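Here's a structure for you.
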Amino acid sequence: MELTLWTYEGPPHVGAMRIAASMEGVHYVLHAPQGDTYADLLFTMIERRDRRPPVTYTTFQARDLGGDTAELVKRSIAEAVERFKPEALLVGESCTAELIQDQPGALAAGMDLGGIPMVSLELPAYSKKENWGAAETFYQLVRGLLKPLLPPPGSPKPDPARWRAEGRRPRVNLLGPSLLGFRCRDDVRELSTLLGGYSIDVAVVAPLGARPADLMRIPDADANVNLYPELAGPACSWLERQFGMASVGTVPIGIGATVAFLRELHSLLQLELPAELQPGADGVCEAERRSRLPWYSRSVDSTYLTGKRVFIFGDATHAIAAARIASRELGFAVVGLGSYSREQAREVRAAAAELGLEALITDDYLAVEAAMAAAAPELVLGTQMERHSAKRLGLPCAVISAPLHVQDVPARFSPQMGFEGANVIFDSWVHPLMMGLEEHLIGMFRHDFEFVEGHRSHLGEGAPPQAMPTVDDSITTTETSAAAPGGELRWSADGEAELARIPFFVRGKVRRNTEAFAKERGLAVIDGEALYEAKAHFSR
């Protein structure tokens, strides 16, 4: 294992906790030392939940290691069953407890649990991480509960269009949303409303808000929607193999993806494609006009955004979607794409290859920060880790993926999926760029007579003289004004003054290019003249 200050994912038992906390009627007995209860804070503080996760810790201490910790496990399991009376029980161990090799799942299997379904979790803490742990837990829970309902070998696959013969509306399951995911609650609400508008019912949403009995109703639906492949991928694959349930793999994030998702679902369910989903003469279907994003992207006002350099990093689902929206729907230039989701590395690499990039697959936030600095973007789309890195580099940033901060779990309705999600994404991405332009203009004109100290507002004598706040260039500049490494170069006062006139979100790139130009020319001092010569050189 590698010690690190920050991490994109916790150990796999935290992923198991996400499943238990997302569902109702499920309890998780975790064999863990006293300190591992820190994970509770992820749900009470970040998700702002009014109750603790349904987890019982054995909380063994150092003095317990000299005794029989297996008895401690069995006692904890018996007490949890008696107190919480769960509808399904998860039993596992944390990374520390794994070293003791008490095998709590085997101990639980030998106990009388009163007929409660029990799933033993074997999560290799030293080779896997949180998202894998969540996906494996959800898969094992679905598999364990549905095993008695498996169809006999050789049974025909169910027809996704059987809803017509049964005289009902088609229904689908939304699989993958969970706590500590990115805007999952609002995505479910948006998609449920969207599908209802096309006469498609949502049968089961899982794991978020589902009970064990709901999981047993999954095969009653006509198809599954794999909303978050990081979490629902293994379960959807198993359901397709064992029950013949087809899955919709298009994730509806962005205008184009939402339309493609609806078309794929209509085709799968053998529903007639509505006129509003059919492309018009201009190639745009009527459904796309529900969002303001396509209109603005084609408007004159959006020309400031065209070609903006964007660096993207996050979980695979959101990073791939962001790259598609940025390049195809907003006209941005994607200069970096990566993910910490190693299980979906192939998909991320394929998306990067389409953009002529090499994907960055890593869980080292310092490597991501270095790649970000080298790419010299004008906007960063990432996790809360990239938000901190972007702040150090003086770059605007929008959070698009977990891991997230409490401020990324808004109380208001703020989905990422569907047509309304496209509106939210547009606001979240464009506002940092527009504020960057505003800050630059304030900096550019701060010496204008209207901004000088003592200038009165339009209220005249009714308002006291106020000094206009100025932009502190030391905050937004990524490099210092000292000489370059080795003492070979230094910036003159007029050179620094001219550099300060350049927008802060490209100032770092201009500084690097100018210093490289000066080294090639053998210059010792970079003044305003040298800066403009370098600009002319790189503009050819």
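Everything quoted here is computed from the prediction, not taken from an experiment.
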Are the aromatic rings of Y228 and F138 close, with centres under 6.0 Å apart?
-> no

In Å and rounded to the nearest 0.5 Å, what is the CZ to CG distance from F261 to L191?
-> 5.5 Å

Decide yes or no for R49 and L179: does some side-chain heavy atom of the first lie under 4.5 Å from some side-chain heavy atom of the second?
-> yes

Taking it one step at a time, do V368 and T362 satisfy side-chain contact (heavy atoms from CB on, under 4.5 Å)?
-> CA-CA 8 Å; V368 178; T362 182; 3.7 Å; yes

On a heavy-atom basis, the closest approach of S339 and F313 is N-CE1, 3.2 Å

Nearest heavy-atom pair of C397 and G382: which atoms, and what distance?
-> SG-N, 4.5 Å

Could you tell me whether R324 and E347 make a salt bridge, using a distance below 4.0 angstrom between a side-chain N and a carboxylate O?
-> no

Thinking salt bridges, do K128 and E136 make one under a 4.0 Å N-O criterion?
-> no

Could you give the distance from CD1 (I325) to CD1 (I425), rounded to the nearest 0.5 Å?
-> 4.0 Å

So do R189 and R185 actually touch side chain to side chain, heavy atoms under 4.5 Å?
-> no

Exercise: identify the closest heavy-atom pair between P212 and A88 = CG-CB, 3.7 Å

Tell me, do L146 and F243 make a side-chain contact under 4.5 Å, heavy atoms counted?
-> yes

Taking all heavy atoms of P396 and all of E378, pick out the closest pair and write down the distance.
-> CG-O, 3.0 Å

Assess whether atom CD of E82 is packed by more than 12 heavy atoms of other residues, nucleotides or ligands within 6.0 Å.
-> no

Are T44 and R52 close enough that a side-chain donor and a side-chain acceptor fall under 3.5 Å?
-> no

In terms of side-chain geometry, is the basic nitrogen of E354 or R328 positioned less than 4.0 Å from the acidic oxygen of its partner?
-> yes

What residue among R18, Q344, R342 forms side chain to side chain donor-acceptor pair (under 3.5 Å) with N131?
-> R18

Considering only heavy atoms from C-beta outward, does the side chain of S22 approach that of L208 to under 4.5 Å?
-> yes

Could you give the distance from CG (N173) to CG (L239), rounded to the nearest 0.5 Å?
-> 8.0 Å

Decide yes or no for L215 and I218: does some side-chain heavy atom of the first lie under 4.5 Å from some side-chain heavy atom of the second?
-> yes

Beyond-backbone contact of V348 with I320, side-chain heavy atoms, under 4.5 angstrom | yes

Quick one: pull up CD in E264 and OG1 in T250 and give me the separation to the nearest 0.5 Å.
-> 3.5 Å

If the plane angle is over 60° it's perpendicular, under 30° parallel, otherwise tilted; pick one for F182 and H318.
-> perpendicular

Answer yes if the side chains of E240 and S237 hold a donor-acceptor pair under 3.5 Å, and no otherwise.
-> no

4.5 Å side-chain heavy-atom contact, L89 and I77 = yes

Heavy-atom check, side chain of D315 versus side chain of E230, under 4.5 Å | yes

Plane angle bin for F84 and H27 - parallel if under 30°, tilted between 30 and 60°, otherwise perpendicular = parallel

Are there more than 12 heavy atoms of other residues, nucleotides or ligands under 6.0 Å from atom CE of M45?
-> no

Rounded to the nearest 0.5 Å, what's the gap from CG on L175 to CG on N224? Could you check?
-> 4.5 Å

Step-by-step side chain to side chain donor-acceptor pair (under 3.5 Å) determination, E79 to S76 = CA-CA 5 Å; E79 291 174 353; S76 299; 5.3 Å; no

Could you state the interatomic distance from OG (S247) to CG (N226), rounded to the nearest 0.5 Å?
-> 6.0 Å

Heavy-atom nearest pair, M372 first then E386, reads CE-CG, 3.8 Å

